[in-house]
Structure formats: C-alpha cells, structure tokens
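Let me begin by presenting the structure, written as structure tokens, before commenting on it.
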Amino acid sequence: MFAQMRLFPERASTMADRVDALFLFLLAVTGTMSILIALLVIWFAVRYRRGARGRYDPRLKGSILVETLWTVGPLLVFLVMFFWGASVYFRLYTSPEDATDIYVVGKQWMWKIQHPDGQREINELHVPVGQRIRLRMTSEDVIHSFFVPAFRTKHDVVPGRYSTLWFEPNRVGTYHLFCAEYCGTWHSRMIGSVVVMEPAQYQTWLDSHAEGSLALEGRKIFLKYRCLSCHNTSGTPHGPPLEELYGKLVLLEGGKRVTADEDYIRESILQPKAKVVAGFRPIMPTFQGQVSEEEVLKLIAYIRSLGRGETPPRVEETPPPIQEPAAESPGGPNP
Amino acid sequence: MSTAVAEPQARAPEPARAERNYLNVSFGVMSWLFTRDHKRIAILYLVSITLMFFVGGAFAVLIRLELMTPEGDLVQPETYNKLFSMHGIIMVWFFLIPSIPATIGNFVLPMMLGAKDLAFPRINLASWWLYILAALVMLWAVIHGGVDTGWTFYPPFSTDATRTEVNATVLSIFIAGFSSIFTAMNFIVTVHRMRAPGLTWFRLPLFVWSMYATSLILVLATPVLAITLVLLALERLFGVGIFDPKLGGDPVLFQHLFWFYSHPAVYVMILPGMGVVSEVISCFARKPVFGYKFVAFASLAIALFGFLVWGHHLFVAGESIYAALVFSFLSYLVAVPSAIKVFNWTATLYKGAVSYETPMLYGLGFIGLFTIGGLTGLFVAALGVDVHVTDTYFVVAHFHYIMVGGMVMGYMAALHYWWPKMSGRMYPEGWAKLAALIIFLGFNLTFFPQFVLGYLGMPRRYHAYAPEFQVLNVLSTAGASILGVGYILPLIYLLWSLKYAPAAGPNPWGATGLEWQTASPPPPHNFPETPVVTGPPYQYQLEEDARAD
C-alpha cells in the first residue's frame with residue numbers, strides 16, 4: 001500500500017511541464033498567503049487576548065488606504081494567474097496542424113480506439129513518443145471524459161459532436177487513462193492505459209495489429225449502405241460528389257458556406273436535411289440509428305481519403321435509398 | 001485599567017423563568033406545526049435540517065468506508081453511485097441552502113431589525129411546509145431505490161440512461177426551490193420595510209447584509225433551476241428533444257442552465273457563513289468589524305459577480321475557448337471581494353480584546369478553512385490547471401473546504417453564538433470547545449489528502465480506484481470518522497443543555513445587536529416595545545468611555 005504511494009503525479013507530455021510550472025506558481029503564492037493569514041490570525045488572537053493590558057483600541061474602524069491596497073494587490077496577482085492560466089489553456093486546447101489523428105469512441109463503459117491504418121484497440125491507446133497526436137472523440141451514449149493525468153489533459157467526450165484533444169508524449173511508459181465524467185454504474189471501470197512507445201517499437205506494434213485501413217473499412221460501409229447510388233460521379237448524380245471534399249468550403253442552399261470538417265460530414269450522414277448543398281434537393285434519408293459512431297468515423301476517413309477520380313464506378317443497379325420529401329413533387333434528378 | 005474592556009452591564013442574574021416567552025406561550029403539537037412566530041418556525045427548520053444533515057452524513061460515512069480499499073468491495077457500484085448522489089442532493093438542497101438562512105436567519109433577522117416578525121409570517125410557515133413536503137418526496141424516492149445521477153443530473157445520462165427515481169427526486173428539488181424563494185422574498189421585504197426607527201442601511205449588522213445578498217441570489221437564481229428541472233422532466237416524460245442529441249437536443253445546454261443556478265447557489269452556501277463570522281469576530285474581539293462598508297458591499301459584489309461565472313464549470317465540456325477566457329477572468333474578479341472579507345476579519349482582531357469562547361473558535365476556524373477553500377479556487381479558475389484537476393478529488397476537496405470548512409463551521413459558530421438566545425440556556429463550554437477542536441482536526445484530515453489525490457489524478461465519483469491512491473484515501477476515511485464524532489457531540493450536549501444547563505440571561509456575550517437587548521428566550525413578539533437605534537453597529541467601548549456614557 002505504501003510502496004506505490006506518490007505525492008506528485010508523473011509527467012509524460014510536453015504540456016505536463018507547463019501545467020506543473022503554473023501549478024507550482026499557484027501553490028507558492030497561495031501557500032504564502034495562507035501561512036501569512038494563519039500567522040496573523042494566531043498572532044493577533046494571542047497578542048490582543050482579553051486582559052492583555054494597554055493594547056485595546058475599539059476606535060479603529062477601517063482605513064480607505066488599507067482597503068484599497070488589499071483590493072488592488074490581490075487583483076494584480078489574480079491577473080497574472082489569469083493570463084498565465086489562459087496561455088497554458090490555449091496551448092492545451094489548440095491542436096497543431098501536423099498532428100496524427102486517432103479516433104476515439106466512448107461508450108458505457110469502454111474506450112474504443114481506431115488508428116488511421118485501421119488498428120483497433122479497446123481501453124488501450126498505443127502512441128509513439130515525440131509525436132503529436134490528436135484524438136477525435138465522440139460518444140455513443142452519455143457524456144464521458146478522456147483523462148490522462150500524466151499528460152495533464154482531459155476533454156469531455158460528448159454524444160452528438162466531435163471533441164478534440166491533443167498531446168505530445170515525451171516519456172516512454174504506461175500511464176493511466178480514466179473516464180473523468182460520471183457515466184453510470186461502471187464509471188470507475190471505464191479505465192485503461194496509454195502506452196507510450198519508442199517509434200520503432202510503435203511501428204512493430206502497428207504492423208502486428210494491421211487490419212484494413214480506416215478509409216478502406218469506410219469504403220466497405222460506403223458500398224454497404226449504397227451511398228454510391230447518389231454520391232457518384234456519373235453525369236447527373238442525386239447527391240453531391242464527395243471527391244476532394246474534406247476541408248473545402250461548401251456552398252449551401254440559402255447561400256451560407258460551411259467547412260466540410262468531421263462535424264459537418266457526421267451531421268450530413270445523421271441529419272442530412274440540416275445543411276443541404278446548393279443545387280441539390282433534400283432527398284437523402286437519415287442514417288441515424290443505422291450506422292454506429294465507429295462506422296461514421298470510418299466513413300469520414302474514407303471521404304477524407306477520396307481524391308479526384310477515385311470514386312468507384314457505379315455498378316449495382318439496386319434503387320437508391322432515396323426518401324422523397326413529402327412536400328415536394330416527385331420527379332427525376334435535376335436536369 | 002484604562003484599556004480594560006467594558007463588560008456588558010446586561011449580565012442579569014437568573015431571569016424569571018416564568019416570564020412569557022415564545023416557548024411557553026402555548027403548548028401542544030398544533031401550536032408548533034401551525035405557528036406563525038418566526039422563532040418557532042426557525043426551531044422547526046432547525047430540527048428538520050439537523051435530521052437531514054445526519055441522513056446525508058450517514059451516506060458520507062458509507063462512501064468513506066467503501067473508499068478504504070481500492071477494490072469496490074463494500075457495496076455494489078449501483079449502490080455507491082446512489083450514495084454519493086443522495087449525499088450531494090440532501091446536503092445541498094436539504095441542509096446547506098436552508099441551513100443558516102432558514103434557521104438562524106429566521107430566528108435572529110427580525111430581532112436584529114427590531115421587528116416583531118418577518119413581513120409575511122404565513123408565507124414563512126408555508127416555506128417550512130414546502131420543505132417538509134419536498135423532504136417527504138425525497139425520502140419516498142430514497143426508499144424506492146434512490147437516484148444515481150449525481151446531484152448534477154447531467155443528460156443524456158439522467159434522461160436516457162439511468163433507470164433510477166429521477167422524476168421523484170427532481171420533483172422534490174422543484175418543491176424545495178419554492179421553499180427557498182419564499183424565505184428569501186420574506187427576508188428582502190422585511191429588510192426593506194421593517195427596520196426599527198433609526199436603523200439605517202449602514203447601521204445594519206453585517207449578518208443582515210449577508211442575508212440580504214443571499215436572498216437576492218435565491219430569488220433570482222432558483223427560478224432558473226426550476227425551469228431547468230421542468231425541461232429535464234419534459235424530456236424524460238414526453239421525449240421532447242431538449243438535451244439528448246438523439247432527440248436533437250444539446251447536452252451542454254443543460255450544463256449552462258444548471259450552473260446558471262448552481263454557481264450562484266454556491267454563494268448561497270457561503271455568504272450566510274460570512275455574515276455569522278462578521279458578527280462573531282466583532283463580538284469576541286470587542287471591536288467593530290474593520291472596514292464595515294467594504295464587507296457589506298463585498299457581499300453584494302459576490303452576489304452580483306456570482307451570476308456571471310457559471311461557465312467555469314464547463315472549461316473541459318466543449319465551450320469555446322474564448323468563452324472560457326471570459327469566465328476565467330470573471331472568476332478571478334469574484335475572488336477579490338472574498339479576499340477583502342478575509343483581510344477585514346483579520347484586521348478586526350488587531351488591537352482587539354480577544355476571547356476564545358466556542359463561537360469564536362469556530363469563527364477563527366472558518367477564516368483558516370475558508371481561506372484554503374478560497375485560495376484553491378484560484379487553481380480551478382486558472383484555465384490551464386483546471387483542465388487537469390476538474391472532475392478529480394481536487395475539486396471535491398476545494399468545495400468541501402468552502403461548504404463544510406466554511407459554511408458548516410459558520411453554522412456551528414452561529415448555533416453556539418445564538419443558542420443562549422434561542423434556548424435561554426448556556427451550552428457546556430468545555431464540551432463545546434472540545435467538539436470544535438475535534439471538528440477542525442477531523443475536517444482537515446478528511447479533506448486535505450484529497451487535494452493531493454486530485455492532483456495525482458484520482459477522478460471523483462469512483463467506486464473503485466488504482467491501488468497507489470490507497471494511503472491518502474485511508475487518511476481521509478480516518479479523518480471522516482473523527483469528524484463524525486465531532487458532529488455527534490454537539491447533538492448530545494445541546495440537547496442536554498435544554499434541561500440541565502444554567503440560564504443564559506439576555507446578553508451572555510455582552511454583544512451589541514438588538515437581538516441581545518431582549519430576554520432569552522425572547523417574548524412572542526420579540527421586544528416589549530420597539531427599540532430605537534441611535535448609532536452604528538458594533539459600538540464596543542473602552543471601560544472609561546462606557547462609564548462616561
């Protein structure tokens with residue numbers, strides 16, 4: 001019980017040093033303040049105890065100068081804390097451009113993780129040391145929170161949206177992964193580990209766990225749900241083509257523009273009528289409840305990977321899963 | 001000699017016990033259950049919240065016992081989750097929020113104003129009945145299996161996933177909210193309209209200022225909680241998509257609404273304690289509170305800024321980083337008035353004539369523990385550190401330092417300070433000092449290790465945990481058992497004192513407030529004739545000046 005005890009957590013990411021520095025600064029300032037106030041209270045209480053002669057003066061009622069000093073003084077110290085805290089926060093929550101994406105799905109009560117090359121793991125996350133990793137996270141049910149104490153970072157994993165979290169591990173080892181947002185019966189068992197490996201070992205691990213890449217898996221799902229029936233590159237598709245879509249600005253019906261990022265693509269799969277691309281009719285059915293969050297992630301990976309001319313030719317002749325909008329008159333595709 | 005403290009001339013010998021007072025004016029259960037006397041209603045509240053405190057405390061005991069070992073071996077996880085949920089719900093809504101306002105405030109606020117009663121005695125009684133109704137619904141929910149959502153009811157867990165008694169619990173909190181609103185509205189009207197002749201705003205005791213600020217928060221924030229709970233119920237009962245993304249809702253919206261009430265409510269759980277400490281420190285240091293106006297306005301500033309910081313509960317929930325920036329900044333601003341108060345209390349001791357009766361021990365303990373609680377608030381307000389410590393035991397320790405180290409210490413100070421007034425009897429000083437010491441030590445041993453646990457990364461609401469956290473958890477549990485003894489002692493000796501302790505007299509502390517100018521226990525209408533106020537509060541004097549008067 002005592003052997004494993006620690007008083008300060010281990011540090012394993014570039015941000016951990018920055019968070020600890022701020023923490024120790026706060027500890028020094030507030031520690032000094034607490035001791036100072038405690039000493040003053042004890043000193044006054046003893047020195048000015050009742051019966052001590054010649055010291056009592058109840059006429060002392062206040063002083064504007066003193067009040068101003070101890071209003072402005074703390075405020076200035078607080079401002080330093082605020083700016084320092086904000087700068088660390090911006091670094092913690094602004095992910096660098098060159099980070100590698102790994103996808104995380106939380107569900108009661110496990111973490112499901114998918115690497116870009118398709119490696120999948122549960123409650124374990126293998127990452128290489130010295131490389132920036134960005135997690136794209138969502139939940140299948142309730143709110144969870146992805147928390148790695150050794151990296152000094154966490155972010156809630158909220159259903160219905162993607163949250164991002166990034167870190168750069170700088171120490172090889174195995175570290176705790178906790179769910180930090182209460183999520184029901186086995187909340188305390190929604191734990192795992194983050195394994196930080198030397199890049200060479202990480203490559204070996206990747207190779208030994210290789211499956212089809214996420215994009216390849218996504219292609220299968222794309223075909224399985226017959227998305228191709230509309231999203232193809234034949235002359236007059238029912239739906240907008242998806243080649244080179246990711247990251248671009250999309251013009252919507254009504255003139256608004258939106259960036260085709262993860263959240264937009266996810267929404268377009270689950271609630272297709274929310275944002276309709278200009279020039280197309282709202283005929284796509286929702287896939288809410290049909291595709292799992294993991295499948296959505298794979299579809300996004302596939303769409304991300306789709307370059308010019310890479311849409312497969314439309315071969316099967318089954319009718320597309322079009323849901324005719326009730327209000328509109330039935331008819332063929334736009335001429 | 002010249003600097004000797006003026007002892008109160010009012011230390012009467014034995015008061016004639018046969019005098020008509022609020023306790024012996026009528027007898028029988030009905031004379032209590034349907035009383036309109038603010039003092040009797042205060043006693044009704046005192047009995048009820050004491051009961052709820054020990055129910056909530058029993059849940060805490062089971063939580064700490066479970067956490068003695070890393071494995072979840074004492075109770076099932078479902079049970080553990082219900083234990084911490086019920087502990088939080090009962091302690092927040094059925095103890096902390098009504099604690100000082102509904103008991104001590106109800107009893108002394110009208111007397112401090114020189115009034116016969118609160119402005120609306122019937123509404124005051126209705127407030128207690130609503131509290132009892134809410135408590136009964138809550139107990140019904142507990143008996144039917146309780147609730148496992150935490151006191152925060154975050155959806156979609158609370159609307160979609162849980163299979164426990166959320167509907168009844170939410171209904172109970174909804175009702176309890178009206179009880180708070182009734183009391184708060186009553187206090188606001190009473191302070192505005194029923195002050196004695198000559199009692200101007202800046203002659204009010206600081207306890208009245210803090211009650212006033214508390215009441216403003218309760219009146220303005222509680223309706224938002226009520227609305228939020230209604231929305232939650234609509235989603236649960238009729239599938240209206242408000243919070244659950246599967247129904248097209250937004251779960252983070254709930255967090256905004258919930259904390260728009262619950263962060264101001266945190267100040268409801270500390271401002272009254274601050275008011276008590278101002279009274280107690282001044283009385284036992286025999287000096288006016290240093291910087292009276294600054295302390296008074298600090299209460300209002302806390303009430304105002306308290307409404308603008310709710311977003312600091314959402315730093316990792318997905319709010320925009322720019323919103324987080326604003327909320328962090330405002331959180332630092334709200335810390336300034338709290339700091340002002342601590343400095344002013346400390347300065348009040350300077351050149352005082354300090355004595356160490358039990359209320360003062362609790363008052364000094366409050367300064368120490370509230371300071372730690374407040375200063376650790378600076379850690380969680382710092383965005384970069386909050387990401388690491390939020391949802392860990394660091395936060396658990398932080399708010400227990402405020403709510404138990406602060407509010408409960410303040411409540412104990414108030415209970416001992418005004419006990420002679422309420423009961424007409426002195427409590428046994430020796431036992432009371434011992435209990436205060438036990439509570440102070442037990443509290444620190446319980447909650448200080450949790451700061452360390454939190455920074456190490458132990459998440460809150462964990463039924464089982466990693467073995468390296470065990471030593472600190474064992475320390476915490478040991479502290480909790482000491483704390484438990486500390487809380488049971490006053491229950492015993494205060495009850496004992498009702499029958500066996502010596503009579504207190506009207507003003508055992510030689511204090512200056514109007515409530516000390518009438519008999520203990522007070523007559524049914526508080527004062528034989530309405531007092532007239534001619535000067536500021538806390539006019540403690542040198543002996544020579546007192547003689548000259």
Side-chain angles (χ1 to χ4, degrees), chain A residues 1-2 4-7 9 19 22-23 26 30 33-34 37-38 40-41 44-45 48-50 53-58 60-62 67 70-71 74-75 78 81-82 85-86 88-89 92-93 141-143 145 149 152-156 158-160 163 178 180-188, chain B residues 3 5 77-78 150 154 156-157 161 245 251 286-288 290-291 294 316-318 321 325 328-329 332 335-336 339-340 342-343 346 349-355 364 367-368 371-372 375 378-379 382-385 387-388 391 452 455-457 459 461-464 466-468 470-471 540-541:
Chain A
M1 162 162 139
F2 286 94
Q4 300 152 301
M5 187 185 164
R6 309 178 64 101
L7 290 176
V19 174
L22 173 58
F23 176 78
L26 289 166
T30 58
M33 290 280 292
S34 316
I37 288 169
L40 273 178
V41 166
F44 287 166
Y48 301 110
R49 66 193 175 278
R50 193 158 308 171
R53 281 165 176 258
R55 289 166 180 163
Y56 177 55
D57 186 359
L60 199 65
K61 287 189 174 126
E67 298 286 348
W70 67 41
T71 304
L75 185 63
F78 293 170
M81 294 174 176
F82 163 71
V88 172
Y89 184 72
L92 271 170
Y93 276 1
D141 36 50
V142 301
I143 303 176
S145 190
R152 304 289 187 277
T153 195
K154 71 164 72 72
H155 200 288
D156 284 4
V158 183
S163 309
F178 292 133
E181 183 61 61
Y182 172 68
C183 60
T185 308
W186 292 105
H187 170 53
S188 68
Chain B
T3 56
V5 181
E78 291 89 347
Y154 276 14
F157 181 75
R286 286 285 177 271
K287 269 187 67 202
F290 194 86
F294 288 86
V316 305
I321 55 179
L325 208 65
S328 166
F329 180 74
Y332 278 109
V336 174
I340 292 174
V342 169
F343 294 136
T346 309
L349 299 172
Y350 176 70
K351 294 209 174 179
V354 180
S355 63
L364 296 176
I367 298 183
T371 300
I372 296 179
L375 288 173
L378 302 176
F379 289 69
L383 288 160
V385 168
V387 171
H388 177 58
D391 281 323
V452 185
Y455 202 73
L456 283 171
R461 299 172 168 180
Y462 263 31
H463 168 239
E468 72 245 38
Q470 189 178 6
V471 177
Y540 295 98
Q541 294 174 318

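A note on names: the letters A, B, ... follow the listed sequences, proteins ahead of strands, and every chain is numbered from 1. Quantities reported herein were computed from a predicted structural model and do not represent experimental measurements.
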Using heavy-atom distances under 4.5 Å, tell me whether [X] contacts chain B through its side chain, its backbone, both, or neither.
| X | result |
| --- | --- |
| A:Ala86 | both |
| A:Val158 | side chain |
| A:Thr71 | both |
| A:Pro159 | both |
| A:Leu92 | side chain |

To the nearest 0.5 Å, how far apart are CG in B:Leu349 and CG in A:Leu40?
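Reported value, rounded in 0.5 Å steps: 9.5 Å.
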CZ/B:Arg461 to CD/A:Glu181 distance, rounded to the nearest 0.5 angstrom?
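Answer rounded to 0.5 Å: 7.0 Å.
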Stepwise, does the ring-ring contact (aromatic ring centres under 6.0 Å, His included) test hold for B:Tyr154 with A:Tyr182?
CA-CA 9 Å; B:Tyr154 276 14; A:Tyr182 172 68; 9.8 Å; no
Verify, without hydrogens or angle tests, whether A:Lys154 (side chain) and B:Val387 (backbone) share a donor-acceptor contact under 3.5 angstrom.
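Yes.
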So, does B:Tyr350 use its side chain to make a donor-acceptor pair with the main chain of A:Leu60 at under 3.5 Å?
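Between the backbone of A:Leu60 and the side chain of B:Tyr350 there is no qualifying donor-acceptor contact (under 3.5 Å).
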Flag the one option from [options] with the top tally of heavy-atom pairs under 4.5 Å to chain B.
| options | value |
| --- | --- |
| A:Glu67, A:Met33, A:Arg49, A:His187 | A:Glu67 |
| A:Phe44, A:Phe178, A:Trp70, A:Trp186 | A:Trp70 |
| A:Ser188, A:Ser145, A:Gly184, A:Ala38 | A:Ser188 |
| A:Ser34, A:Ala45, A:Gly160 | A:Ala45 |
| A:Val88, A:Val142, A:Leu22 | A:Val142 |

At their closest point, which heavy atom of [X] faces which heavy atom of [Y], and how far apart are they?
| X | Y | result |
| --- | --- | --- |
| A:Ile143 | B:Pro156 | CG1-CD, 4.0 Å |
| B:Ser328 | A:Phe82 | OG-CD1, 3.3 Å |
| B:Pro459 | A:Ala180 | CB-CA, 4.4 Å |
| B:Gly352 | A:Tyr56 | C-CD1, 3.5 Å |
| A:His155 | B:Ala317 | CE1-C, 4.2 Å |
| A:Ile37 | B:Thr371 | CD1-CG2, 3.9 Å |

Is [X] close to chain A through its backbone or its side chain, or both, or neither, when contacts mean heavy atoms under 4.5 Å?
| X | value |
| --- | --- |
| B:Leu325 | both |
| B:Ser355 | both |
| B:Ile321 | both |

With a 4.5 Å cut-off on side-chain heavy atoms, are B:Tyr332 and A:Leu75 touching?
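With C-beta onward as the side chain, the pair stays apart.
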Side chains of B:Phe379 and A:Thr30, heavy atoms from C-beta outward: is any pair under 4.5 Å?
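Yes, close enough: below the 4.5 Å cut-off.
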In terms of heavy-atom pairs under 4.5 Å, which option from B:Ala382, B:Ala464, B:Gly368, B:Ala161 contacts chain A the most?
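Highest number of heavy-atom pairs under 4.5 Å: B:Ala464.
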If you count heavy-atom pairs under 4.5 Å between each of B:Gly150, B:Gly318, B:Ala466 and chain A, which one has the most?
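Ranked by heavy-atom pairs under 4.5 Å with chain A, first place is B:Gly318.
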Determine whether A:Asp141 and B:Phe157 satisfy the following criterion, side-chain contact (heavy atoms from CB on, under 4.5 Å), listing intermediate values before the conclusion.
CA-CA 8 Å; A:Asp141 36 50; B:Phe157 181 75; over 6 Å; no
